[in-house]
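Each chain gets a letter, A, B and so on, in the order the sequences are listed, and its residues count up from 1.
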There are 2 protein chains.
Amino acid sequence: MSGETPPGCVCVIDDDAEVLGSIGSLLRSNGFQAALYDTPEAFLLAGVPQTASCLLLDVRLRGENGLDFQERLAARGIAIPVILITGHGDIPMTVRAMRAGALDFLPKPFTEEQMLAAVATAIGVDRQRRGEAAGHAHLRQCYEALTPREREVMGLVVAGLMNKQIAARMTLSEITVKIHRGNMMRKMEAQSLADLVRMAEFLGIRDDSIHRFNI
Amino acid sequence: MSGETPPGCVCVIDDDAEVLGSIGSLLRSNGFQAALYDTPEAFLLAGVPQTASCLLLDVRLRGENGLDFQERLAARGIAIPVILITGHGDIPMTVRAMRAGALDFLPKPFTEEQMLAAVATAIGVDRQRRGEAAGHAHLRQCYEALTPREREVMGLVVAGLMNKQIAARMTLSEITVKIHRGNMMRKMEAQSLADLVRMAEFLGIRDDSIHRFNI
DNA sequence: CGCGATATCATACGCAGGTTTCGGTCTGGC
DNA sequence: GCCAGACCGAAACCTGCGTATGATATCGCG
């Protein structure tokens, strides 16, 4: 059922060594890689795998509550998909986990099929996310290659100002604005103004000094 | 705790007349309007209120499962915030509801405070959503006022093509493209190309015949 | 100290965008 | 049949954008 998916790495955090081992075996015998940790800290030290992956996290842990840990990950900007498992779950706990972005919440006892299906879905989500993130990384890299002035010009360009207005606002000559603008477009690898606006939209670049009526 | 919020309307669907009445009283005595229905169909017939509102929905209903009904609402594009309540909920049910976009899932018995807090949050979410929707409605209205040719031009403009290229693609003269383009910008009330791109992004306008490398 | 990166500005040229004015065809509704 | 509106186009004109060429100034690093 899950053998045809390209391999992915499942990080399992559970303080019960026996459970950890059996989940690991099950995953490996179904074509997944498995990284096993008995504490959240061990997982953080090892770092998130480079390949498509997901996190299989027990709610009840020795040091820290699994839900707290999940929220700590989100706060740190670690976007790995999370599946929570628990032996003593209740509905408020589930609501909290799902609100925090958990992909699934599996109460014990669960079948092997249930877990494998959840893991396969999560790995798929992560694969897609990573694909998108690759593009974003390049975009950010381009943006960070801009000089301060070029960034400033970019903000005003995507705000819809003309070169003349940008020049006035920055107390520059129009020709200087044109030069910054040209260099900026080249560095951003934007083929058109429309392209640039979409990039800026994505990067969250927005000059708030300009009144904008929509969006 | 919730008296200072502007009034909102809570639609309650529950097939137990007694429960329905007591929830209605509680809501009204806390400053909310309450619209009470004993079946999903009755709610659909009445329609979603014009003001900020939310839906308080029992999972177990006579005709239809509350979760199914929630998904049916989403499929119909009815975006009212949903709070589910149930006497016999379990974790898989909660997962399903939250995935389908429920704002909260309250297992009975719950306190008055819990329910009022959930309702107040949901009403707030709906108020925000309605505020945004108002702007979107105007945007759609503008777009629908465009003639087919103007729409076509708009798609190619936001794809980053020059008037010359648009003319070639539409087998038109460049001057005609300029006229369509000018009319389109006026009808869309776009002050700049950047504006137009953002509007198009929002409306989901995209000419897929053009290869786009990002986003 | 020289080098490179950044920033600034001027002149000039060519191309792109946008409007106005004028002209025409075609279709659908009153 | 007439009018409105969509659609198409040409000539003229103005503005905006982009680049090339050339020049100056500052700053930090090796």
Side-chain angles (χ1 to χ4, degrees), chain A residues 140-201 203 205 207 209-213, chain B residues 140-201 203 205 207 209-213:
Chain A
R140 293 201 174 278
Q141 207 174 318
C142 289
Y143 184 67
E144 272 150 29
L146 298 183
T147 68
R149 287 306 236 181
E150 285 162 359
R151 267 174 234 189
E152 208 171 334
V153 168
M154 176 169 166
L156 296 167
V157 166
V158 299
L161 271 68
M162 289 185 306
N163 288 341
K164 195 186 300 186
Q165 300 171 290
I166 298 173
R169 195 172 287 250
M170 293 174 70
T171 47
L172 284 179
S173 78
E174 193 180 339
I175 189 70
T176 306
V177 172
K178 286 183 180 181
I179 291 170
H180 286 320
R181 183 172 179 157
N183 291 334
M184 176 268 290
M185 290 294 280
R186 216 169 304 111
K187 287 187 187 174
M188 290 301 290
E189 297 170 20
Q191 265 65 43
S192 64
L193 179 54
D195 251 23
L196 188 78
V197 172
R198 274 185 289 267
M199 291 175 177
E201 204 64 9
L203 291 167
I205 314 302
D207 192 317
S209 67
I210 312 289
H211 169 67
R212 188 166 298 101
F213 71 105
Chain B
R140 296 204 171 276
Q141 207 173 319
C142 289
Y143 184 68
E144 272 149 30
L146 299 182
T147 69
R149 289 305 241 181
E150 285 162 0
R151 267 173 236 188
E152 209 171 332
V153 168
M154 176 168 165
L156 296 168
V157 166
V158 299
L161 272 68
M162 288 186 306
N163 288 341
K164 196 185 299 186
Q165 299 172 288
I166 297 173
R169 193 172 286 251
M170 293 175 69
T171 47
L172 284 179
S173 78
E174 194 179 337
I175 190 78
T176 307
V177 172
K178 286 183 181 182
I179 291 170
H180 285 319
R181 184 172 179 158
N183 292 335
M184 176 269 289
M185 290 293 280
R186 217 169 302 111
K187 287 187 189 173
M188 291 300 291
E189 297 171 17
Q191 264 65 44
S192 64
L193 178 54
D195 251 23
L196 188 78
V197 173
R198 274 185 289 266
M199 291 175 176
E201 202 65 8
L203 290 168
I205 313 301
D207 192 316
S209 66
I210 312 289
H211 169 68
R212 188 166 297 101
F213 70 105

Margin query: In whole Å, I'd like the distance from the CG atom of A:Asn183 to the P atom of C:dT8.
Written below: 12 Å
Notebook entry, point to check: If each of A:Lys187 and A:Thr176 is mapped to the nucleotide of DNA chain C with the nearest heavy atom, which maps nearer the 5' terminus, i.e. the 5' end?
Noted result: A:Lys187
Next item on the list: Identify the heavy atoms of A:Val158 and A:Ala200 that sit nearest to each other, and give their distance.
Entry: CG1-CB, 3.7 Å
Notebook entry, point to check: To the nearest angstrom, how far is B:Ile166 atom CD1 from D:dC8 atom C1'?
Noted result: 16 Å
Margin query: Using the side-chain contact (heavy atoms from CB on, under 4.5 Å) criterion, which residues pair with A:Met170? Sequence neighbours excluded.
Written below: A:Arg149, A:Glu152, A:Val153, A:Leu156, A:Ile166, A:Leu172
Next item on the list: Under 4.0 Å between any heavy atoms, over every strand shown, what does A:Ser173 touch: base, sugar-phosphate, or nothing? Just pick one.
Entry: sugar-phosphate
Next item on the list: Kindly compute the distance separating CE (B:Met188) from CG (B:Asp195), expressed to the nearest 0.5 Å.
Entry: 10.0 Å
Notebook entry, point to check: Once you round to the nearest 0.5 Å, how far does CD of B:Glu174 lie from CD of B:Gln165?
Noted result: 10.0 Å
Check: Which residues pass the side chain to side chain donor-acceptor pair (under 3.5 Å) test with B:Lys187, sequence neighbours left out?
Finding: B:Glu150
Checklist line | Closest approach of B:Gly155 to B:Ile205 (non-hydrogen atoms, all atoms of both residues) | finding: CA-CG2, 4.3 Å
Notebook entry, point to check: Which heavy atom of B:Gly160 sits nearest a heavy atom of A:Ser192, and at what distance?
Noted result: CA-OG, 3.4 Å
Margin query: Any residue in residues 143-151 of chain B with a heavy atom nearer than 4.0 angstrom to DNA chain C? Just list them by number, or reply none.
Written below: none
Next item on the list: Let me have a per-nucleotide readout for nucleotides 20-26 of chain D, 5' to 3', with B, S or -, counting only protein heavy atoms under 4.0 Å.
Entry: B------
Item checked: End axis versus end axis in the helix from C:dC1-D:dG30 to C:dC30-D:dG1, the angle rounded to 10°, five pairs used at each terminus -> 40°
Next item on the list: Quick one: closest heavy-atom pair of B:Arg151 and B:Glu144, and the distance?
Entry: NH2-O, 3.1 Å
Next item on the list: Give, for atom CG of A:Leu196 and atom CE of A:Met154, the distance between the pair rounded to the nearest 0.5 Å.
Entry: 4.5 Å
Per-pair distances, 0.1 Å, donor-acceptor, side chain in residues 175-184 of chain A, under 3.5 Å, sequence neighbours excluded:
unit_1	atom_1	unit_2	atom_2	d
A:Thr176	OG1	A:Ser173	OG	3.1
A:Arg181	NH1	A:Asn163	OD1	2.6
A:Asn183	OD1	A:Arg186	NH1	3.1
A:Asn183	ND2	A:Ile179	O	3.3

Notebook entry, point to check: Under 4.0 Å: is that the gap between some side-chain N or O of B:His180 and OP1 or OP2 of D:dA6?
Noted result: no
Item checked: Integer-rounded Å distance: D:dG18 P and A:Leu196 CG -> 10 Å
Could you go through nucleotides 13-17 of chain D and list every protein N or O atom that sits under 3.5 Å from one of its N or O atoms, giving the distance for each pair?
unit_1	atom_1	unit_2	atom_2	d
D:dG16	OP1	A:Lys164	NZ	3.2
D:dG16	OP2	A:Lys164	NZ	2.9
D:dC17	OP2	A:Asn163	N	3.3
D:dC17	OP2	A:Asn163	ND2	3.4

